[in-house]
Amino acid sequence: MIDRKQLRADPDRFRVGAREKGIDVDFDTLLALDERLRGLEHERGELAAEQNRLGKDTGRQIGQLKGRLKKASEAERAEIEAELRTLEARPTALKAAIQESDRIIAGVEPELRELLLKVPLPADPDVPKGASAEDNVELRRWSPAWFDPARSFRENKGFDPRSHVDLMLAAGMVDFERAVKIAGARHYALRGDGMRLHQAVLRFGLDTIVNDHGFVPVSVPVIVREECMVGTGFFPTGRDQAYHIEESRRGAGHDLFLTGTGEVGLMGLHAGEILDAEDLPLQYATVSTCFRREAGAAGKDTAGLYRVHQFDKVEQVVITHADEAESRRWHATMIGIVEQVMQRLELPHRLLQCCTGDLGPKNADMIDVEAWMPSRGEEVDGVPAGAWGESHSASRLYDYQCRRLNLRYRGPDRKPVVCHSLNNTVIASPRILIPIVELYQNADGSITVPAALRPYLGGVERLGG
RNA sequence: GGUGGGGUGGCAGAGCGGUUGAAUGCGCCGGUCUUGAAAACCGGUAGGCCCUCCGGGGUCUCGCGGGUUCGAAUCCCGCCCCCACCGCCA
């Protein structure tokens, strides 16, 4: 959520920011509501101030008069009652006015809040302008000596590639049909070496982030309350991407949602807290199952393990002081960690600076990592040319997320300050199995295990074949 | 699923109709003492919003919502959440 004060001070910055992200927000209504609410709250404050004053002045008198009334004779009674009526007239009228004021405010407030939650964080000035992923800017690429994506697969390895679907089916590493029988399209069942490789990759990711980079491993709920989804910025915009468990229909107090990333749980951990400045930065990592409805992706990437409803991901988040330079340093650090992970797996990859149109509401800046996936891309003479496919995403959010989560720390003057947050994929599987299996495949259909993963597979060097 | 208990400031924990935004303790900040530190003592210390001549001022908040009352942390109603025990259970 953005800061209302900042919005008032410079509405154009937010108008432009939303436009550049391609997000439509009714700023005219929002600004009008903001002003209206401030006026209403001011009036309400004036009324309450008078009420409090009266409470101190005449309140005691009324109390005393009522005491006297009980013991009063008939003659005194009428006089006291008249006096009481006079004294009570103003407070009674005030109360009615305050109730009316509250009623109006109760109508305006949710309307304002709803609009405010939709305002995206403007992209940073150094983020390239653009409408979609097409306009993302490549920053750099890396590939191991044994595979150059600029050349064909055959030129690199001496034979044409098989897709991960072919290879893994042949090696008994995955079963799509039976998984679809159980759960429908976009589901899969990893088995045998497929499951072992999946677990190896996740453990490799978690160990790297925890052992090499000092992140604290945490397990978090993947089934959360709505406020957690709103707080982390996935709602309201991404509401249709989350699985919704309607427990309220069974008499429970609230519904639950399945999280699409461990970020939700990790960030939710400290919601509503005021942390000590010395405790920052908080560096957390989790491995969690992620659930995504993939609404609107009908027909896209239907085959294989690329786009599925359920997967596992090692995710890292950092919660820092409200300092742009510090945020940016952490962003660079996290990106470096991903590059290290990809290099240790020896997977060709490139870094993309996402443009404004590809950012999503909560990010000021986002770097995607794409891995080379031989089975993707156009076919040339019946052989896929290969293409880059997204494997990671590192986001910098300033205080957008923490403001929604009400996550703060005590600043130098002891006043609470909203924290900054960042998040990044360490590794997501089975998607990452696509480049691993396809790039490490051998002519006989076997798959060489990347050296970095061998310790996690009991030293085995080859799978399938 | 059943029964009982409870939600108060950073934490612990009083208050149960008026001057209590809230005792007390711990923690934290500042000061005195000390060569320094500790101890002791003194003072300060919630958050949001609005206004400000930047000294401060107003208001809201004791789980949430509604009610009673001139006045509610305190009484009433509804809701949410947490805890304990029993049952079931990976």
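Letters go in sequence order (proteins before strands), and every chain restarts at 1.
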Who pairs with [N] - Watson-Crick or G-U, where each distance is under 3.5 Å:
{"N": "B:G43", "value": "B:C29"}
{"N": "B:U34", "value": "none"}
{"N": "B:C79", "value": "B:G63"}
{"N": "B:A72", "value": "none"}
{"N": "B:A22", "value": "none"}
{"N": "B:C49", "value": "B:G58"}
{"N": "B:A84", "value": "B:U3"}

Among the candidates [options], find the nucleotide nearest to the side-chain atoms of [X].
{"X": "A:Ala49", "options": "B:G47, B:G58, B:G71", "answer": "B:G58"}
{"X": "A:Gln51", "options": "B:C49, B:G71, B:U59", "answer": "B:G71"}
{"X": "A:Pro416", "options": "B:G71, B:C70, B:G48", "answer": "B:G48"}
{"X": "A:Ala48", "options": "B:U59, B:G47, B:G71", "answer": "B:U59"}

Figure out the [atom1]/[atom2] separation between [X] and [N], and round it to whole Å.
{"X": "A:Leu407", "N": "B:G48", "atom1": "CG", "atom2": "P", "value": "14 Å"}
{"X": "A:Glu109", "N": "B:C64", "atom1": "CD", "atom2": "C1'", "value": "14 Å"}
{"X": "A:Arg225", "N": "B:G63", "atom1": "CZ", "atom2": "P", "value": "17 Å"}
{"X": "A:Glu35", "N": "B:C50", "atom1": "CD", "atom2": "P", "value": "13 Å"}
{"X": "A:Asp102", "N": "B:G66", "atom1": "CG", "atom2": "C1'", "value": "12 Å"}
{"X": "A:Glu227", "N": "B:C81", "atom1": "CD", "atom2": "P", "value": "10 Å"}
{"X": "A:Leu37", "N": "B:C49", "atom1": "CG", "atom2": "C1'", "value": "9 Å"}
{"X": "A:Glu247", "N": "B:C80", "atom1": "CD", "atom2": "C1'", "value": "15 Å"}

Is the shortest side-chain N/O distance from [X] to OP1 or OP2 of [N] below 4.0 Å?
{"X": "A:Arg403", "N": "B:G48", "result": "no"}
{"X": "A:Arg8", "N": "B:C50", "result": "yes"}
{"X": "A:Arg408", "N": "B:G48", "result": "yes"}
{"X": "A:His254", "N": "B:C79", "result": "no"}

Handout entry: Worked verdict on A:Met366 versus A:Arg396 for side chain to side chain contact (heavy atoms under 4.5 Å, CB included)
Key = CA-CA 6 Å; A:Met366 183 164 85; A:Arg396 194 155 59 78; over 6 Å; no
Roughly how many Å apart are [M] and [N], using the [atom1] atom of each and rounding to a whole number?
{"N": "B:G17", "M": "B:C29", "atom1": "C1'", "result": "36 Å"}
{"N": "B:G31", "M": "B:A37", "atom1": "P", "result": "11 Å"}
{"N": "B:C64", "M": "B:A72", "atom1": "P", "result": "16 Å"}
{"N": "B:G4", "M": "B:U8", "atom1": "P", "result": "22 Å"}
{"N": "B:C28", "M": "B:C76", "atom1": "C1'", "result": "40 Å"}
{"N": "B:C62", "M": "B:G7", "atom1": "C1'", "result": "10 Å"}
{"N": "B:G25", "M": "B:G9", "atom1": "C1'", "result": "14 Å"}
{"N": "B:G15", "M": "B:A23", "atom1": "P", "result": "14 Å"}

Exercise for the section: Calculate, to the nearest 0.5 Å, the distance between atoms CZ and OG1 belonging to A:Phe311 and A:Thr261 respectively. Expected result: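 One gets 7.0 Å once the value is rounded to the nearest 0.5 Å.
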Problem - Gap between atom CZ of A:Arg113 and atom CG of A:Leu115 - 0.5 Å precision - result: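 It comes to 12.0 Å.
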Practice task
Name the nucleic acid region contacted by A:Arg410, choosing base, sugar-phosphate or nothing; use a 4.0 angstrom heavy-atom cut-off, strictly under.
Solution key: sugar-phosphate
Problem - Trace of the side chain to side chain contact (heavy atoms under 4.5 Å, CB included) decision for A:Leu37 with A:Glu41 - result: CA-CA 6 Å; A:Leu37 186 60; A:Glu41 281 174 340; 3.9 Å; yes
Practice task
Name the residue closer to the 5' end of RNA chain B, choosing between A:Asp3 and A:Arg44 according to the nucleotide with the nearest heavy atom.
Solution key: A:Asp3
Practice task
For A:Lys415 and for A:Ala106, locate the closest nucleotide of RNA chain B by heavy-atom distance; then report the residue assigned to the nucleotide nearer the 5' terminus.
Solution key: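 Here A:Lys415 is the residue nearer the 5' end.
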Exercise for the section: Taking A:Arg454 for its side chain and A:Val449 for its backbone only, find out whether a donor-acceptor pair lies under 3.5 Å. Expected result: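 It does hold such a pair.
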Practice task
With syn defined as a glycosidic angle within 90° of 0 and anti as everything else, classify B:G55.
Solution key: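 Classified syn.
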Practice task
Determine, stepwise, if the pair A:Arg8 / A:Glu35 fulfils salt bridge (Lys or Arg N to Asp or Glu O under 4.0 Å).
Solution key: CA-CA 9 Å; A:Arg8 280 195 290 273; A:Glu35 192 167 330; over 6 Å; no
Handout entry: Residues A:Tyr284 and A:His270: side-chain donor-acceptor under 3.5 angstrom
Key = yes
Exercise for the section: Classify the ring geometry between A:Phe235 and A:Phe257 as parallel (under 30°), tilted (30 to 60°) or perpendicular (over 60°). Expected result: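 A:Phe235 and A:Phe257: perpendicular rings.
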